[in-house]
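So that the names make sense, note that chain A is the first sequence line, chain B the second, and so on, each numbered from 1. What's counted below: heavy atoms across the whole structure, side chains too, no hydrogens, waters or symmetry copies.
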2 protein chains.
Amino acid sequence: MPAGKPIPKPSVCVCLNVRRASRAITKLYDQALKPSGLKVTQFSALMNIDAHGPLTTSALAKILMLERTTLVRNLKLLENAGFIENSPSPDPRERQISITAHGRHAIGQAQTRWRTVQRQMKQQIGTEQLQMLGHLVTVLEGMADGQGTSPP
Amino acid sequence: MPAGKPIPKPSVCVCLNVRRASRAITKLYDQALKPSGLKVTQFSALMNIDAHGPLTTSALAKILMLERTTLVRNLKLLENAGFIENSPSPDPRERQISITAHGRHAIGQAQTRWRTVQRQMKQQIGTEQLQMLGHLVTVLEGMADGQGTSPP
DNA sequence: GATTTTTGCGTGTATATGCACGTATCACGC
DNA sequence: GCGTGATACGTGCATATACACGCAAAAATC
């Protein structure tokens with residue numbers, strides 16, 4: 001077997017640990033999805049657009065818990081690739097985001113691979129830890145929320 | 001009290017959960033460190049440069065578990081800000097990364113604030129979850145490692 | 001009906017991240 | 001001394017992410 005690099009122990013800084021975990025798991029999912037041509041971020045956006053029908057950018061941002069402006073640019077890529085459509089809506093302020101046939105085909109390809117990694121991940125991590133992860137997400141987002149806006 | 005946004009339940013996708021956690025906690029730390037003018041990523045780089053003396057980019061990358069090329073650009077910013085110095089080494093291939101007085105002053109400012117968030121974080125998350133997090137990091141980095149390189 | 005507020009979008013600017021490549025130099029074996 | 005492989009860097013290209021702004025139009029208020 002190949003040597004394999006020695007992995008530094010987790011940091012004392014909670015934030016860095018989460019960031020390290022994020023980088024590592026993103027790499028795993030992205031590699032798994034690679035043949036489908038989708039990144040895990042794009043896959044998740046597409047899946048949610050498909051699931052929650054045509055919807056506005058803001059609504060999708062809330063679902064994905066992403067900065068709206070971040071999503072705007074992410075969606076631009078999906079639009080350029082022909083996976084989604086960004087059409088006007090009755091209310092001219094809003095935009096209707098909807099998945100295209102091409103987009104559905106893409107997630108079809110990706111889904112199989114996603115299920116595989118997801119299964120592996122669950123096996124390696126364990127149910128208990130997964131639950132704790134869910135809790136961790138909730139706690140952190142709760143904390144980050146309050147701080148966000150207080151002003152006017 | 002302000003309404004506060006409703007927080008969507010954690011995703012089924014393990015990867016997305018970790019990414020969400022990463023975004024949330026990064027926001028918390030960055031806000032806490034804001035007055036110091038450092039991002040949490042920069043703070044960690046500076047702290048490690050300070051701790052492990054002058055060292056090469058590659059060495060630091062291993063410590064931080066970062067892509068070397070990513071680190072190169074991150075360091076460029078710290079250098080422009082005058083926090084570090086990137087000087088040549090006996091071996092002309094290598095570079096010596098070292099912290100400057102200005103850099104030490106910066107982490108001095110940041111450290112107090114970091115300790116505060118870190119404490120809050122530990123309180124909110126709990127020892128058990130923190131251990132779980134450490135384990136999660138190890139497992140994920142272990143998995144991501146193997147896949148990496150098999151080549152020639 | 002006019003004014004103010006709120007809502008929804010997109011852009012400019014900046015950071016973080018990773019992969020594919022190319023370059024220079026050291027360390028080895030011959 | 002000369003290839004050869006390994007090592008250390010940096011860059012081009014692409015994505016993800018967030019904050020500060022500005023713009024337009026619906027909604028609410030008077």
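- If you take CD of A/E67 and C1' of C/dT15, they are 14 Å apart, rounded to a whole angstrom.
- Going from atom CG of B/L71 over to atom P of C/dC19 covers 15 Å, rounded to whole Å.
- Between the P atom of D/dA16 and the CD1 atom of A/I25 lies a distance of 17 Å, rounded to the nearest Å.
- Residues A/S89 and A/E94 approach most closely at OG-OE1, 3.4 Å, considering heavy atoms.
- Atom pair B/Q31:CD and D/dT17:C1' shows a separation of 14 Å (rounding to whole Å applied).
- Side-chain atoms of B/R113 and B/K34, non-hydrogen and from C-beta on, never get closer than 4.5 Å to each other.
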Nucleotides 6-15 of chain D: protein proximity per nucleotide (B base, S sugar-phosphate only, - neither; heavy atom, under 4.0 Å): -BSBBBBB-S
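- Taking atom NZ on A/K27 and atom P on C/dT17, their separation rounds to 13 Å, with Å as the unit.
- Counting only heavy atoms from C-beta outward, the side chains of B/I97 and B/L78 never approach each other to under 4.5 Å.
- Rounding to whole angstrom units, NZ of residue B/K76 and P of C/dA14 are separated by 16 Å.
- Within 6.0 Å of NE2 in A/H105 there are 12 or fewer heavy atoms belonging to other residues, nucleotides or ligands.
- Residue B/R23 places no side-chain N or O under 4.0 Å from the OP1 or OP2 atom of D/dA16.
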Side-chain donor-acceptor contacts of residues 48-56 of chain B below 3.5 Å, not counting sequence neighbours, with atom names and distances?
{"unit_1": "B/N48", "atom_1": "ND2", "unit_2": "B/S44", "atom_2": "O", "d": "2.9"}
{"unit_1": "B/D50", "atom_1": "OD1", "unit_2": "B/R104", "atom_2": "NE", "d": "3.2"}
{"unit_1": "B/H52", "atom_1": "ND1", "unit_2": "B/N48", "atom_2": "O", "d": "3.1"}
{"unit_1": "B/T56", "atom_1": "OG1", "unit_2": "B/A59", "atom_2": "N", "d": "3.1"}

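- A/L33 has its CG atom 12 Å from the P atom of D/dA16, to the nearest Å.
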Begin with the C-alpha distance, continue with both residues' side-chain angles, and end with the deciding distance and a verdict on side chain to side chain contact (heavy atoms under 4.5 Å, CB included) for B/M65 and A/L16. CA-CA 10 Å; B/M65 287 295 288; A/L16 290 191; over 6 Å; no
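- Rounded to a whole Å, the OH atom of B/Y29 is 17 Å from the P atom of C/dA16.
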